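To start, the structure under review is shown below, and the notes come after it.
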Amino acid sequence: MTNCLILFLQPSNHVLTEDIIFREVTPDNRLISRRLLTKTSRAPRWAEKFLPAHMAQKAFIIEDSIVDPESRSMTTLTWNITHARVMGIEERCVFRVNPDNNNWTEIKREAWISSNLYGISRAIQEFGLARFKSNVSKTMKGFEFVLARMQGETPTRTLAESATVKARETALAAKEKAKDLASQAQKKQYV
Amino acid sequence: NSVGEGCTDLKREYDQCFNRWFAEKFLKGDRSGDPCTEFFKKYQTCVQKAIKEKDIPIEGLEFMGPSKEKADS
């Protein structure tokens, strides 16, 4: 749904607006900020049947961040404040200097996916997880590509390539499973 | 672009000031203070008004809020 590398990569087509709505330097010299993002909201066709008809095409997302220049680390927490009952995603990313290699930035990324819609919450969670995994590998690929270009190298096939294939397979399997779960849930309502 | 259509210019002015200060001062450990407060005030007045007008639900959200409920797993 969103990705923690949004700060480093080209702005995505899906981000419509981006605003800082709070910012402060703390007494211990860390920069804390809150950003409000609006993104286009895309639901797969099989899910559209279950969504309220008036569901907006835009989703609002909050991103809180803490930058610590002394420890050279940054933590971001991103979550959607609309559509949250359908699918809530929180993503926490920690960027820091790799302890073994000063030239590397280490990124630790965690996501929590939840849904409160009765009956099809599992289908949505499976879908969300599959999309997240697919996005991670796409993001890593994009990141490596940008870095390679910045360093004047011709981007070559990356480790992420095999991860992408695996993610695509996982996503496809999860999509089928999700569709299956969704139609089972629908059948159950009429029993 | 800003969520407040009329705020984009103020946003860009602030962003420019901020990016300069962030890269040249803040990240280098210079604690001499933020020179962008005026730009920030003008930008915030505009954008907070737009957020209210559009009914965007940003009220009462604790900073780094959701993560507090998660145990370190």
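A note on names: the letters A, B, ... follow the listed sequences, proteins ahead of strands, and every chain is numbered from 1. From a predicted model like this one, the values you see are computed outputs, not experimental measurements.
Rounded to the nearest 0.5 angstrom, B:Ile51 CD1 and A:Ile21 CD1 are separated by 5.0 Å. Here A:Phe22 contributes atom CZ and B:Ile58 contributes atom CD1; the two are 11.5 Å apart, rounded to the nearest 0.5 Å. Rounding to the nearest 0.5 Å gives a distance of 8.5 Å between CG of B:Leu61 and CG of A:Asp64. Between the CZ atom in A:Arg23 and the OH atom in B:Tyr14 there is a gap of 4.0 Å [rounded to 0.5 Å].
With respect to chain B, the highest number of heavy-atom pairs below 4.5 Å among A:Thr75, A:Asp68, A:Leu31, A:Ile62 belongs to A:Leu31.
Other residues, nucleotides and ligands place more than 12 heavy atoms under 6.0 Å from the NZ atom of B:Lys54.
Nearest heavy-atom pair, B:Phe63 versus A:Ser33, reported as atom, atom and distance to 0.1 Å: CE1-O, 3.3 Å. Between B:Met64 and A:Leu77 the shortest heavy-atom distance is SD-CB, 3.5 Å.
Under the 3.5 Å distance criterion, the side-chain polar atoms of A:Glu70 are left unmatched by any main-chain donor or acceptor of B:Gly29. In this structure, the side chain of A:Asp19 engages the main chain of B:Val3 through a donor-acceptor pair within 3.5 Å.
Proximity to chain B involves both the backbone and the side chain of A:Ile20, based on heavy atoms less than 4.5 angstrom apart.
A:Met74 is connected to B:Leu27 through a chain of hydrophobic side-chain contacts under 4.5 Å among Ile, Leu, Val, Met, Phe, Trp and Tyr, so both are in one cluster.
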